[in-house]
Protein chains: 4
Amino acid sequence: MVKNNKQEIIVDAALEVFRDKGYANTRMADIARRAGVSYGLVYHYFESKEVLFDVIVEGWWDRLYQMLKDERQSDSAFQKKLENIIKFFLDMYAEKPNLLSIFITEVSRSSVYHTARGLAKFRTFFSLTEDVMAEGQKVGFLRRDIGPHYLTYIFLGAIEAFISVMVLGKEAVNRERKERTINGVIQVFLCGAKVESNPLPAL
Amino acid sequence: MVKNNKQEIIVDAALEVFRDKGYANTRMADIARRAGVSYGLVYHYFESKEVLFDVIVEGWWDRLYQMLKDERQSDSAFQKKLENIIKFFLDMYAEKPNLLSIFITEVSRSSVYHTARGLAKFRTFFSLTEDVMAEGQKVGFLRRDIGPHYLTYIFLGAIEAFISVMVLGKEAVNRERKERTINGVIQVFLCGAKVESNPLPAL
Amino acid sequence: MVKNNKQEIIVDAALEVFRDKGYANTRMADIARRAGVSYGLVYHYFESKEVLFDVIVEGWWDRLYQMLKDERQSDSAFQKKLENIIKFFLDMYAEKPNLLSIFITEVSRSSVYHTARGLAKFRTFFSLTEDVMAEGQKVGFLRRDIGPHYLTYIFLGAIEAFISVMVLGKEAVNRERKERTINGVIQVFLCGAKVESNPLPAL
Amino acid sequence: MVKNNKQEIIVDAALEVFRDKGYANTRMADIARRAGVSYGLVYHYFESKEVLFDVIVEGWWDRLYQMLKDERQSDSAFQKKLENIIKFFLDMYAEKPNLLSIFITEVSRSSVYHTARGLAKFRTFFSLTEDVMAEGQKVGFLRRDIGPHYLTYIFLGAIEAFISVMVLGKEAVNRERKERTINGVIQVFLCGAKVESNPLPAL
DNA sequence: CATGAATGAGGGTTCATTCAT
DNA sequence: CATGAATGAACCCTCATTCAT
């Protein structure tokens, strides 16, 4: 498939270079070279390096928010919602590993990204997830003796840990691994790691 | 207490600047200024920005490894070990927030840090934790239907999420919060978030 | 003649500055200023100060080698060949005094230049000249009781001494001086400085 | 022999480092390290890098001038004087190769050294040699149709060429080589390289 | 749209020199 | 005498960005 939209080609190239080198070590020249376009064309479409980066990251946030909003208002069984959230990350990693890689390495923890604007993005992310958790408590599925944002941290932290390991190790996900990962996170998150717990049936 | 060891003063200043601006945006001049020493003195003690950064990070890894080795070979009750691991992070955050901040934002996920050497550090970190988890399974405390490295990811992921939120929000930890956090992570990790689970008594 | 090729302008400027200040004391900013271009443009064309210097020196070696190869295979009378070699240096000094100046002061004896690569350049230079001397012996023009590389050293040493004096004194060469110099070197080199020798007729 | 004079140790160390790296690439720290003394001690004895270099070079000029003056006023046979001049360089190379190396690579042609003061040194060197040549003409030994400074350039150029080759190739001189070199230079300089010339008997 | 030459502020690093001990 | 910590001006090089064509 030959892409004819230069803008898209540039974004894809940027995605690769940002993943490989990180934002700070990425040169606009690298992106142009990888995209196979001239130096100036990158600036023709994107007014600065920061804007180009933001275009990429905004796309990520949009999808993430949309997914969380969908789950929040869906009437799936609660456990299904959690599974879908995990699945979203794993599917996204399969489909756009570079995007997830950048999220993990350049956004999620990067002090560089954490200007006021960046913080707001995160708060929304956590807040949407917290809404889901709160609902889980309201419907009597999740324990109420732990605050919903604690549940959020633990749940998202676990997902991020898995994704991080895959990203940093440049590992591939096949269907079987995906199911094992979802099951593992769900099992421990919902039933606990202790042996006396009552595990859910495997997926 | 007036510090008279310039080297230490420089490291402390670097810790602050790296935390505030991130590695890439830190200027050696900033560090010198914050340390109240001349530009050249920084280079008198540390041959480059990278070395200065590495000295800091190595110090972190040393403490972390030491703690994990201590827990691995201690004969505390298993749950106590997990609590100690969480406590280590929280105490460190209280004592050296800058160090933990740098670990989270510049090391933990930074693609820049993840050269071969960096990856090896992480593998050791995970591996030591996995030893603890495997022991928990061996002594019959943790379920065996989930692989020990899955347990490791989830446990460490949860801790990192909490620390990240504190770091990025520049939040303080008091004793009460510390206990609540430990309790929350332990409760969910061990007993699960589901309502039918059998919670442990609070700390 | 207005030069429109910036690259060439930069090389010419570099030639002047290297001559005036020597390699070590030449600032890239000096070159840019003298060329009337911006600082960055120098790096646009030459990746480093060293490369810029090498480009200049390579040009010199190329011309020198070419001349020696031409003389080696030409069927001029032998004495004519020696005269042509001397003439080459003098003409080059007239045409590109900066180039010759740099050769003398920065290349010919500079320990800095004498890395393995630099040494190889010199060996070729001497070797090509030695080929000419050996031919002179073969055709019965030069004495055979002195090794050809001894003849080479003396001949080239004499030329270098003349050029050095001109370079260091920033002297000009007119036609008359050129002929006197060639004659002097040829007379002494071929017939000797002793009074009993049988001088050649002056040029 | 353990040297107990620190000043001398420093000069010797400087001699080595200047030879190995050249003036511009020599660090005061290198000299101190090679001398096995502290950083500040070098400055205790020599007020600057330049002064230290000059001390070395002045020593060289003094010896050279002294030798030339001795030859000028000696009543040796003229040819013997020329041989003694060549011998001086070869003996010095054998005794203090570093000193000669520095003379060749850092003084003789270096634009860096050729400030007004440096030029004056050279003029004296040439002038003293020219005195010897002029005397050779006056006593009827050397031809008078070539100006004395031409003879000087050719004679000194030949010597320098030989020394340069030895210095740059880090070659050793034994007695046999020394005699061959002297003989070669003398033969060609006095009798010429042409085959019809009347060679002197070998040394 | 597309190119790549041109700009120049900025940053890491070096190193001769000074000076308190 | 001797040490080495401390200074800071200077320099090479980078690279985001601009702009003429």
Side-chain angles (χ1 to χ4, degrees), chain A residues 4-7 10 23-33 35-53, chain B residues 4-7 9-10 23-33 35-53, chain C residues 4-7 9-10 24-33 35-52, chain D residues 4-7 10 23-33 35-53:
Chain A
N4 54 6
N5 184 324
K6 294 276 180 84
Q7 191 161 351
I10 292 169
Y23 181 81
N25 292 310
T26 288
R27 309 288 143 246
M28 290 300 261
D30 296 334
I31 294 173
R33 202 177 312 116
V37 302
S38 81
Y39 208 74
L41 197 62
V42 179
Y43 279 92
H44 182 76
Y45 288 110
F46 304 96
E47 69 185 20
S48 74
K49 182 178 166 184
E50 199 181 349
V51 164
L52 176 51
F53 184 73
Chain B
N4 55 0
N5 185 321
K6 294 281 180 78
Q7 192 161 352
I9 293 175
I10 291 169
Y23 181 82
N25 292 311
T26 289
R27 309 288 142 245
M28 289 300 261
D30 296 336
I31 295 173
R33 201 176 312 117
V37 302
S38 77
Y39 199 92
L41 196 64
V42 180
Y43 281 92
H44 183 75
Y45 288 110
F46 304 95
E47 66 189 26
S48 71
K49 182 178 166 183
E50 198 182 351
V51 165
L52 176 50
F53 184 73
Chain C
N4 55 1
N5 184 322
K6 295 280 179 79
Q7 192 161 352
I9 294 175
I10 291 169
N25 292 312
T26 289
R27 309 288 144 244
M28 289 301 260
D30 296 336
I31 294 174
R33 203 176 310 116
V37 301
S38 77
Y39 196 94
L41 197 64
V42 180
Y43 282 91
H44 184 74
Y45 288 110
F46 304 96
E47 67 189 25
S48 71
K49 182 178 165 183
E50 199 183 350
V51 164
L52 176 51
Chain D
N4 54 8
N5 185 323
K6 294 277 180 85
Q7 191 161 352
I10 291 170
Y23 181 82
N25 292 309
T26 289
R27 310 287 142 245
M28 291 300 262
D30 296 335
I31 294 172
R33 202 177 311 117
V37 302
S38 80
Y39 209 74
L41 198 61
V42 179
Y43 280 91
H44 182 76
Y45 288 111
F46 305 95
E47 68 187 20
S48 72
K49 182 178 166 183
E50 198 182 351
V51 165
L52 176 50
F53 184 74

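Values below: all heavy atoms of this structure, side chains included; hydrogens, waters and symmetry mates excluded. Just so it is clear: chains get the letters A, B, ... in the order the sequence lines come, proteins before strands, and each one is counted from 1. Everything numeric in this text was worked out from a predicted model, so none of it was measured.
Taking atom NE2 of His44(A) as the reference point, atom P of dC19(F) lies 16 Å away to the nearest angstrom. Atom CE in Met28(A) sits about 15 Å away from atom C1' in dT14(F), given to the nearest Å. As a whole-Å value, the separation of Tyr45(C) OH from dC15(F) P is 20 Å. Rounded to whole angstrom, the span from the CD atom of Gln7(B) across to the C1' atom of dA6(F) amounts to 14 Å.
The phosphate of dA10(F) (OP1 or OP2) has no side-chain N or O of Arg27(C) nearer than 4.0 angstrom.
In this structure, Phe46(C) reaches neither bases nor backbone, as no heavy-atom distance under 4.0 Å exists between it and the strands shown.
Across all strands shown, dT3(E) is found opposite dA20(F) as a Watson-Crick or G-U wobble partner, with both distances under 3.5 Å. Of all nucleotides present, only dG12(E) satisfies the Watson-Crick or G-U wobble test against dC11(F), with each distance under 3.5 Å.
The aromatic rings of Tyr43(C) and Tyr39(C) lie parallel to each other, with less than 30° between the two planes, well short of the 60° mark.
Residues Lys49(B) and Leu52(B) have side chains not in contact (no heavy-atom distance under 4.5 Å, counting atoms from C-beta outward).
A donor N or O paired with an acceptor N or O is found under 3.5 Å between the base of dC13(F) and the side-chain atoms of Tyr39(C).
Between Leu41(D) and Lys49(A), the residue anchored nearer the 5' end of DNA chain F, judged by the nucleotide with its closest heavy atom, is Leu41(D).
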